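Not measured: the values here are computed from a predicted model. Each chain gets a letter, A, B and so on, in the order its sequence line appears, and its residues count up from 1.
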Number of protein chains: 2
Amino acid sequence: MTPLSARALPVANHQEPLQRSVPRADRVPNKKIIRELNIKVTTQRLMILDVVRNGPSHFTAQDVFEAVAARHPEIGFATVYRFLRTLSEHKYVTEVRMGGMPARYEWAGKRHHDHLTCASCSKIVEFENTEIERLQEKVAKQFGFSLTGHVLELYGICPECRAKENAADRR
Amino acid sequence: MTPLSARALPVANHQEPLQRSVPRADRVPNKKIIRELNIKVTTQRLMILDVVRNGPSHFTAQDVFEAVAARHPEIGFATVYRFLRTLSEHKYVTEVRMGGMPARYEWAGKRHHDHLTCASCSKIVEFENTEIERLQEKVAKQFGFSLTGHVLELYGICPECRAKENAADRR
DNA sequence: AAGTTAATTGCGAATGACTTTCATTATCAG
DNA sequence: CTGATAATGAAAGTCATTCGCAATTAACTT
């Protein structure tokens with residue numbers, strides 16, 4: 001269906017540009033990252049990490065499995081899920097689940113951001129709004145909570161889809 | 001595990017009180033609501049709707065199933081899921097899915113709000129912040145999207161759990 | 001009130017996304 | 001290099017939710 005819409009990810013460029021000046025984290029070799037987790041460096045982990053870091057963002061476990069399987073057909077689902085979970089637990093990747101759909105992940109070596117998703121074509125736009133972040137902290141504090149995280153996903157219809165809908169209606 | 005923490009739902013009472021002055025929608029008989037959906041009024045739908053409207057908020061399909069089954073043991077899961085989906089599609093209930101956990105629903109006859117969840121004990125606090133809502137609209141507009149919905153879930157540690165943690169650490 | 005019929009139900013099987021189990025294999029500390 | 005131990009892959013297991021379908025029932029129609 002949705003052909004990994006994340007591939008053509010529009011770059012958020014308003015308000016507070018998401019320009020990332022070659023995050024240093026992306027210089028660190030895969031091997032080192034795995035070692036830091038105090039787990040064994042295996043071929044499959046290296047391959048998975050390569051896909052995770054250098055492939056398209058907002059990928060599913062299935063995406064990773066397929067990408068790795070292309071070069072290393074013996075890979076198993078379990079291995080992908082297990083390692084993604086480890087990476088997620090250690091904040092190397094961010095896991096986002098919405099609707100009943102499979103979880104999507106993204107390498108966390110990038111600046112924090114939230115998502116604006118087109119409900120029609122599933123295109124994802126990343127954005128950051130420090131004002132919203134600030135207000136979230138404020139709300140948590142009001143209730144005596146210490147904020148540990150949040151999920152903010154906006155849904156809407158992108159300009160392109162709106163245009164298409166209008167065209168269809170006119171017909 | 002989490003014993004339906006939603007039952008003892010703390011009432012949001014800061015900033016913009018969530019006081020709901022007997023929403024008129026809650027006067028409407030179940031039968032009428034079902035009729036408005038242009039579907040048949042069946043015993044099971046009436047019972048489900050009763051639980052949904054008068055039971056605790058933030059319930060799961062399982063919760064509804066059990067509540068209905070207590071008086072009407074022949075009820076089937078499919079019936080509950082089917083009707084909850086219908087209600088959700090028609091905005092009578094709001095469906096929230098997070099983590100890998102079962103979906104939670106709530107009667108939408110109340111004022112819009114978001115959630116602040118304790119990552120430790122799963123307690124849920126409802127809050128509303130019009131400033132955040134306004135900023136969301138602004139972000140969508142920036143990217144040319146027309147906003148149709150959003151999910152904002154804050155996670156943190158509630159005062160009680162923080163106290164417990166501190167006590168445990170000191171031990 | 002009885003008949004008609006299309007919507008609805010409940011059951012069990014099916015699905016889909018993970019997760020677990022476990023026998024086999026590979027890593028790496030010494 | 002080698003053994004102790006962690007990691008892998010294949011398959012079976014979970015779990016929430018959905019589907020298929022025969023039996024039932026609500027809501028006309030007469």
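Sorted by first and then second residue, the side-chain hydrogen bond (donor to acceptor under 3.5 Å, both in side chains) pairs with a member in residues 82-96 of chain B read B/E36-B/Y92, B/E95-B/R97; sequence neighbours excluded. Applying the side-chain hydrogen bond (donor to acceptor under 3.5 Å, both in side chains) definition to pairs two or more places apart or across chains, none involves residues 40-50 of chain B. Within the structure, no pair that satisfies the salt bridge (charged side-chain N to carboxylate O under 4.0 Å, His left out) test touches residues 112-121 of chain B, not counting sequence neighbours.
Within the helix from C/dA1-D/dT30 to C/dG30-D/dC1, the inter-axis angle between the opening and closing five-pair segments is 30°, rounded to 10°.
Annotation: side chain to side chain contact (heavy atoms under 4.5 Å, CB included) contacts of A/A70 (sequence neighbours excluded): none. Take B/E137 and apply the side-chain hydrogen bond (donor to acceptor under 3.5 Å, both in side chains) test, not counting sequence neighbours, and it matches no residue. Residues passing the side-chain hydrogen bond (donor to acceptor under 3.5 Å, both in side chains) test with B/R35, sequence neighbours excluded: none. The side chain to side chain contact (heavy atoms under 4.5 Å, CB included) check on A/E74 picks up A/H72, with sequence neighbours excluded.
For A/N38 and D/dT5, the CG to C1' distance is 15 Å, given to the nearest whole Å. For the pair A/L46 CG and D/dA7 C1', the computed distance is 13 Å after rounding to whole Å. In this structure, the CE atom of A/M47 is 16 Å from the C1' atom of D/dA7, given to the nearest Å.
The shortest distance between side-chain heavy atoms of B/W107 and B/L49 falls below 4.5 Å. Within the 4.5 Å cutoff, the side chain of B/V51 has no heavy atoms near those of the B/F65 side chain.
Side-chain contact, B/Q136 with B/H150: a donor N or O sits under 3.5 Å from an acceptor N or O. In this model, no donor atom of one side chain and acceptor atom of the other lie less than 3.5 Å apart for A/H112 and A/E126. Side chains of A/H58 and A/E106: a donor-acceptor N/O pair is present below 3.5 angstrom, by distance only.
Taking 4.0 Å as the cutoff to heavy atoms of chain A, we find the contact window on DNA chain C bounded by C/dA17 to C/dC28.
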Side-chain donor-acceptor contacts of residues 151-162 of chain B below 3.5 Å, not counting sequence neighbours, with atom names and distances?
residue : atom : partner : partner atom : Å
B/E153  : OE2  : B/H115  : ND1          : 3.4
B/E160  : OE1  : B/K123  : NZ           : 2.7
B/R162  : NE   : A/S146  : OG           : 3.3
B/R162  : NH2  : A/G144  : O            : 2.3

**Report entry** Summary of protein contacts for nucleotides 25-30 of chain D, nucleotide by nucleotide, where a base hit scores B, a sugar-phosphate-only hit scores S (4.0 Å, heavy atoms)
**Finding:** -BS---
Report summary line: Letter by letter from the 5' end, nucleotides 12-24 of chain D scores (B base, S sugar-phosphate only, - none; protein heavy atoms under 4.0 Å) ----SSBBB----
